[in-house]
Amino acid sequence: MGQLAGHWGFHELLEFFIPRILAAIACGGLVGIERELKNKAAGLKTNILICLGAMLYTSLSVLIAHDPASGVREGDPGRIAAQIVSGIGFLGGGAIIQARGTVLGLTTAATIWVVAALGVCIGAGYGWVAIAVSLVSVLILTAANLFEDRILGRSLSFASEVLVDDREEQARMRVTDLLSRNDLVLNEFDQIPQNGACLLKLRYSGHRSDQKKFVLDLWGLNGVREVRQV
C-alpha cells in the first residue's frame, strides 16, 4: 500500500487509482472490442464499465479495511469485493435469453463474469495478471469460433419436431427453405398427420449458431404451433 489511505492527498490518490483505471479500461476494452465486432449485447462500453466498477469496489474495499492511524488492518478487504461475485450474476443472468426452445447469451454471460474478475484482479493490485488473462480470453473467444467453423464444420447434428397447421400442404417446402437459408443440411424428414395438423420430424447438420437462428425462424412461420428439440 505504501502510505496509508487516510493520510493521502490528491496526488497520492491519483497515483493509486490512475494505473488501475487505465488497466481496467484496457482489459475491459480488449474483451469488449471482440464482443462489439460480433454485434453482441454486452459490447465495448458495457465491458469497460463492468471492469471499472469491479476494480473500484475492490480498490475501495482494500483502502477501507486499513486504519489510517495505526496502519493495522481492521476489516476484511474481501467483504465488499465478494459481493461483486453475486452481483455480477444478476447482470449475467439478464444477458441469457430463453427463446422458444433455444438458449442464447451464455457466452456473453460468461464474458461478463470474466471481465468482472479482471476488475477485481486489477483492484487487488495485480494489473499485469489481469492484462494477460484478458488477452487469453480474447484468444479463446476468437480461436473457439475458428475451431467451430473450420474444424467442426458441419459435423454437429440436430433433431427437431415441429407441429404446424398445414392445410395447404406447404410445410415441408417452407421448412426446407429455412434450412437452406441458414446453411443447414437436411438429413432426414418425416411428415406425420395429427388431428388437422402435421408433425414434422427433422434431422439436420450444421453450425450451432445457424441452428439457433433456424429455430427462431421457425417460430416466424405462419401456422407453427410448437417447436421441440429432441
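Here, residue 1 is the first one in the sequence, and each next residue gets the next number. Side-chain atoms are counted along with the backbone in the values below, which use heavy atoms only and exclude waters and symmetry mates.
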Do Leu139 and Val31 share a hydrophobic cluster, counting only Ile, Leu, Val, Met, Phe, Trp and Tyr and linking them when any side-chain heavy atoms are less than 4.5 Å apart?
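Shared cluster, no.
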Cluster link Leu186 to Val175, ILVMFWY, side chain under 4.5 Å:
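Linked, Leu186 and Val175 end up in one cluster.
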Minimum heavy-atom separation for [X] and [Y], please, with both atom names.
X: Cys27; Y: Ile122; answer: SG-CD1, 3.9 Å
X: Cys121; Y: Ala130; answer: SG-N, 4.0 Å
X: Gly206; Y: Leu184; answer: CA-CD2, 3.7 Å
X: Thr58; Y: Gly119; answer: OG1-O, 4.4 Å
X: Cys198; Y: Gln191; answer: SG-CG, 3.0 Å
X: Asp217; Y: Asn182; answer: OD2-ND2, 3.2 Å

How long is the straight-line distance from [atom2] of [Y] back to [atom1] of [X], given to the nearest 0.5 Å?
X: Leu44; Y: Leu37; atom1: CG; atom2: CG; value: 9.5 Å
X: Ile25; Y: Leu30; atom1: CD1; atom2: CG; value: 12.0 Å
X: Leu200; Y: Leu218; atom1: CG; atom2: CG; value: 9.0 Å
X: Arg174; Y: Leu178; atom1: CZ; atom2: CG; value: 9.0 Å
X: Thr142; Y: Glu34; atom1: OG1; atom2: CD; value: 5.0 Å
X: Gln211; Y: Leu216; atom1: CD; atom2: CG; value: 9.0 Å

With a cutoff of under 4.5 Å between side-chain heavy atoms, which Ile, Leu, Val, Met, Phe, Trp and Tyr residues group with Val136?
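In the cluster with Val136 are Ile140.
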Clusters formed by hydrophobic residues whose side-chain heavy atoms approach within less than 4.5 Å: which one holds Ile192, and what are its other members?
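Result for Ile192 is Leu163, Leu199.
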Please tabulate, for the side chains in residues 82-92, all donor-acceptor contacts under 3.5 angstrom to protein atoms that are two or more places apart in sequence or on a different chain.
unit_1 : atom_1 : unit_2 : atom_2 : d
Gln83  : NE2    : Arg79  : O      : 3.4
Ser86  : OG     : Gln83  : O      : 3.1

Ring pair (Phe, Tyr, Trp, His ring centres under 6.0 Å) partners for Tyr204, two or more places apart:
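For Tyr204, the residues satisfying ring pair (Phe, Tyr, Trp, His ring centres under 6.0 Å) (neighbours in sequence not counted) are Phe158, Phe214.
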With a 4.5 Å cut-off on side-chain heavy atoms, are Thr107 and Arg35 touching?
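Yes; the side chains approach each other to less than 4.5 Å.
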Does the side chain of Val133 come within less than 4.5 Å of Tyr126's, by heavy atoms?
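Result no, sub-4.5 Å side-chain heavy-atom pair not found.
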So, using salt bridge (charged side-chain N to carboxylate O under 4.0 Å, His left out) as the criterion, who are the partners of Glu226 when residues are at least two apart?
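Per chain and number, Glu226 pairs via salt bridge (charged side-chain N to carboxylate O under 4.0 Å, His left out) with Arg228.
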Check: residues 45-55 side-chain donor-acceptor pairs under 3.5 Å, at least two apart:
unit_1 : atom_1 : unit_2 : atom_2 : d
Asn47  : ND2    : Ala42  : O      : 3.1
Asn47  : ND2    : Gly43  : O      : 2.7

